[in-house]
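Computed from a prediction, not measured in an experiment: that's the story for all the values here.
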Amino acid sequence: MSQSPWQPITPAKPARASREPLTRERIVDAALGVLVEEGYEAVSMRKVAQVLGTGPASLYAHVANKKELDQLMLDRAAADMRLPEADPERWQEQLKAAMSEVLRVMRSYPGLARAAIGQVPLGESAMLTTERFLAILKAGRVPDQAAAWAVDLIPLFIVATAFEESVQGAAEYTPEDLEGFVEQLRSYFGSLDPARFPITIALAGAMTTGAGGDERFEFGAQVIVAGLASMVPAD
């Protein structure tokens with residue numbers, strides 16, 4: 001049988017859309033997205049892989065484990081921090097401003113404080129942030145040991161503040177809820193036995209002011225700065 005001179009052409013298969021390469025940067029972007037949208041507890045290697053449309057095994061070629069992912073998220077946040085160049089004449093003001101800047105960035109990633117608890121951030125951006133704080137402290141002639149311990153104490157204070165705020169945010173407290181809680185707390189203090197808690201009762205109003213704002217944070221920052229300033233040797 002003679003072959004037909006006509007040969008049908010097989011339709012070309014549609015070209016697959018090229019998948020964007022998986023990188024550490026994309027993984028961190030996805031992890032921070034999950035963090036902001038669903039909270040820290042939702043961030044897992046499996047969840048991040050799902051967001052990226054891949055399997056968890058693919059992530060391990062770029063990120064060793066969840067602990068490293070936490071470090072990378074913290075380092076990305078640190079890269080957003082804008083800290084001043086040290087000025088010996090303004091070091092106390094700069095230190096308070098730097099603390100507020102770190103809190104600002106932590107607030108922009110609700111839940112990130114949970115990743116910072118128990119960690120020593122060692123990424124390049126985080127280390128540069130520590131270096132900037134040390135530079136401010138040394139510009140103020142804070143003794144070496146005090147400066148070294150201060151760059152541990154200061155993040156603990158900021159992280160605790162951010163963590164408490166993230167817990168309240170996750171509970172979706174309204175200003176009215178917060179006001180009601182404060183009023184209940186004030187009433188509780190006032191109901192204590194005056195023979196045993198006379199000072200607590202007397203200061204019940206003062207102890208329950210400043211909730212929900214920056215007053216308490218600014219007070220804590222001032223206490224830290226004043227304490228460090230008291231350690232500066234006399235000329």
Peer 1: Check the surroundings of atom CD in Glu124: do more than 12 heavy atoms from other residues, nucleotides or ligands lie under 6.0 Å from it?
Peer 2: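 Open: at most 12 neighbouring heavy atoms sit under 6.0 Å from CD of Glu124.
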
Peer 1: Hey, is the main chain of Thr209 close enough, under 3.5 Å, to the side chain of Arg216 for a donor-acceptor pair?
Peer 2: yes

Peer 1: Ring pair (Phe, Tyr, Trp, His ring centres under 6.0 Å) with Phe189: which residues, sequence neighbours excluded?
Peer 2: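 For Phe189, no residue satisfies ring pair (Phe, Tyr, Trp, His ring centres under 6.0 Å) once neighbours in sequence are set aside.
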
Peer 1: Answer whether the closest heavy-atom distance between the side chains of Lys66 and Val43 falls below 4.5 Å.
Peer 2: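 Result yes, sub-4.5 Å side-chain heavy-atom pair found.
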
Peer 1: Measuring from Met231:CE to Trp149:CH2, what's the distance to the nearest 0.5 Å?
Peer 2: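 Rounded to the nearest 0.5 Å, the CE-CH2 separation comes out at 9.5 Å.
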
Peer 1: Return the minimal non-hydrogen interatomic distance between Val36 and Ser108, and the atom names on each side.
Peer 2: CG2-O, 4.4 Å

Peer 1: In terms of hydrophobic clustering (I, L, V, M, F, W, Y; side-chain heavy atoms under 4.5 Å; direct or indirect links), are Leu112 and Val51 co-clustered?
Peer 2: yes

Peer 1: Do the non-hydrogen side-chain atoms of Lys96 and Glu218 ever get within less than 4.5 Å of each other?
Peer 2: no

Peer 1: State the OG1-OH distance between Thr200 and Tyr188, to the nearest 0.5 angstrom.
Peer 2: 10.0 Å

Peer 1: What I'd like to find out is whether the side chain of Pro233 reaches to under 4.5 Å of the side chain of Arg141, using heavy atoms alone.
Peer 2: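 A side-chain contact exists here, since the closest heavy-atom pair is under 4.5 Å.
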
Peer 1: Show, in sequence, the C-alpha distance, side-chain angles and deciding distance for Arg76 and Leu72, and conclude whether the side-chain contact (heavy atoms from CB on, under 4.5 Å) test is met.
Peer 2: CA-CA 6 Å; Arg76 174 70 66 81; Leu72 292 169; over 6 Å; no

Peer 1: Mind checking whether Arg114 and Glu41 have side chains closer than 4.5 Å, heavy atoms only?
Peer 2: yes

Peer 1: Please step through salt bridge (Lys or Arg N to Asp or Glu O under 4.0 Å) for the pair Asp75 and Arg24, ending with a clear verdict.
Peer 2: CA-CA 12 Å; Asp75 206 55; Arg24 178 173 281 190; over 6 Å; no

Peer 1: Do Glu38 and Lys47 pass the side-chain contact (heavy atoms from CB on, under 4.5 Å) test, and can you show the C-alpha distance, the side-chain angles, and the key distance before you say yes or no?
Peer 2: CA-CA 11 Å; Glu38 303 181 42; Lys47 178 65 176 181; 3.3 Å; yes

Peer 1: Is any side-chain heavy atom of Val102 closer than 4.5 Å to one of Ile154?
Peer 2: no

Peer 1: Indicate if Phe219 and Ile158 have the same hydrophobic cluster label, given that clusters are the connected sets of ILVMFWY residues with side-chain heavy-atom separations under 4.5 angstrom.
Peer 2: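 Shared cluster, no.
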
Peer 1: For Glu85, does its backbone N or O pair with a side-chain atom of Gln94 as donor and acceptor, under 3.5 Å?
Peer 2: yes

Peer 1: Is any side-chain heavy atom of Trp91 less than 4.5 Å from a side-chain heavy atom of Lys138?
Peer 2: no

Peer 1: For the side chain of Gln71 and the backbone of Val120, is there at least one donor-acceptor N/O pair under 3.5 Å apart?
Peer 2: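 Yes, Gln71 side chain to Val120 backbone: donor-acceptor pair under 3.5 Å.
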
Peer 1: Flag yes if Leu122 and Leu153 sit in one hydrophobic cluster, no otherwise; membership is Ile, Leu, Val, Met, Phe, Trp, Tyr, and two members link when side-chain heavy atoms are under 4.5 Å apart.
Peer 2: no

Peer 1: Mind checking whether Val223 and Phe157 have side chains closer than 4.5 Å, heavy atoms only?
Peer 2: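 Not touching, per the 4.5 Å side-chain cut-off.
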
Peer 1: So which heavy atom on Ala126 is nearest to which on Pro121, and how close?
Peer 2: CB-CB, 3.6 Å

Peer 1: So which heavy atom on Val48 is nearest to which on Ala30, and how close?
Peer 2: CG1-CB, 3.9 Å

Peer 1: What heavy-atom pair brings Ile224 and Met99 nearest, and what distance separates the two atoms?
Peer 2: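 Scanning both residues completely, I find the closest heavy atoms to be CD1-CE, 3.8 Å.
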
Peer 1: How about Glu183 and Arg186: do any of their side-chain heavy atoms sit closer than 4.5 Å?
Peer 2: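 Result yes, sub-4.5 Å side-chain heavy-atom pair found.
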
Peer 1: Spell out, as yes or no, whether a donor-acceptor pair under 3.5 Å connects the side chain of Arg26 to the backbone of Pro21.
Peer 2: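 Yes: the side chain of Arg26 pairs with the backbone of Pro21.
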
Peer 1: Which heavy-atom pair separates Pro155 from Ala150 by the least distance, and what is that distance?
Peer 2: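 Taking every non-hydrogen atom into account, CD-O, 4.1 Å.
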
Peer 1: If I take atom CG from residue Leu35 and atom OH from residue Tyr109, how far apart are they, to the nearest 0.5 angstrom?
Peer 2: 9.5 Å

Peer 1: Short question: side chain of Glu101, backbone of Met81 - any donor-acceptor pair under 3.5 Å?
Peer 2: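 No, because the side chain of Glu101 does not come within donor-acceptor range (under 3.5 Å) of the backbone of Met81.
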
Peer 1: Answer yes if Ile136 and Leu156 sit in the same cluster of Ile, Leu, Val, Met, Phe, Trp and Tyr residues linked by side chain heavy atoms under 4.5 Å apart, and no otherwise.
Peer 2: no

Peer 1: For side-chain contact (heavy atoms from CB on, under 4.5 Å), just list the numbers for Leu228 and Leu95, CA-CA rounded to whole Å, side-chain angles, deciding distance to a tenth of an Å, and then say yes or no.
Peer 2: CA-CA 10 Å; Leu228 290 167; Leu95 187 56; 3.8 Å; yes

Peer 1: Do Phe217 and Val167 share a hydrophobic cluster, counting only Ile, Leu, Val, Met, Phe, Trp and Tyr and linking them when any side-chain heavy atoms are less than 4.5 Å apart?
Peer 2: yes

Peer 1: So which heavy atom on Gly55 is nearest to which on Ala49, and how close?
Peer 2: C-CB, 3.6 Å

Peer 1: Counting distance only, does the side-chain N/O of His62 pair as donor-acceptor with the main-chain N or O of Ile27 below 3.5 Å?
Peer 2: no

Peer 1: In terms of heavy-atom contacts, does CD of Glu68 have more than 12 from other residues, nucleotides or ligands at under 6.0 Å?
Peer 2: yes

Peer 1: Nearest 0.5 Å please: distance from the CD1 atom of Ile201 over to the CG atom of Asp193.
Peer 2: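 Between atom CD1 of Ile201 and atom CG of Asp193 there are 7.0 Å.
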
Peer 1: Whether the side chain of Arg46 engages the backbone of Pro56 through a donor-acceptor N/O pair (distance < 3.5 Å, no angle test) should be reported.
Peer 2: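 Side chain of Arg46 to backbone of Pro56, a donor-acceptor pair under 3.5 Å: no, none is there.
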
Peer 1: Check this for me: Glu164, atom CD, are more than 12 non-hydrogen atoms of other residues, nucleotides or ligands nearer than 6.0 Å?
Peer 2: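 Incorrect, the count does not exceed 12.
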
Peer 1: CZ/Phe163 to CE/Met106 distance, rounded to the nearest 0.5 angstrom?
Peer 2: 11.0 Å

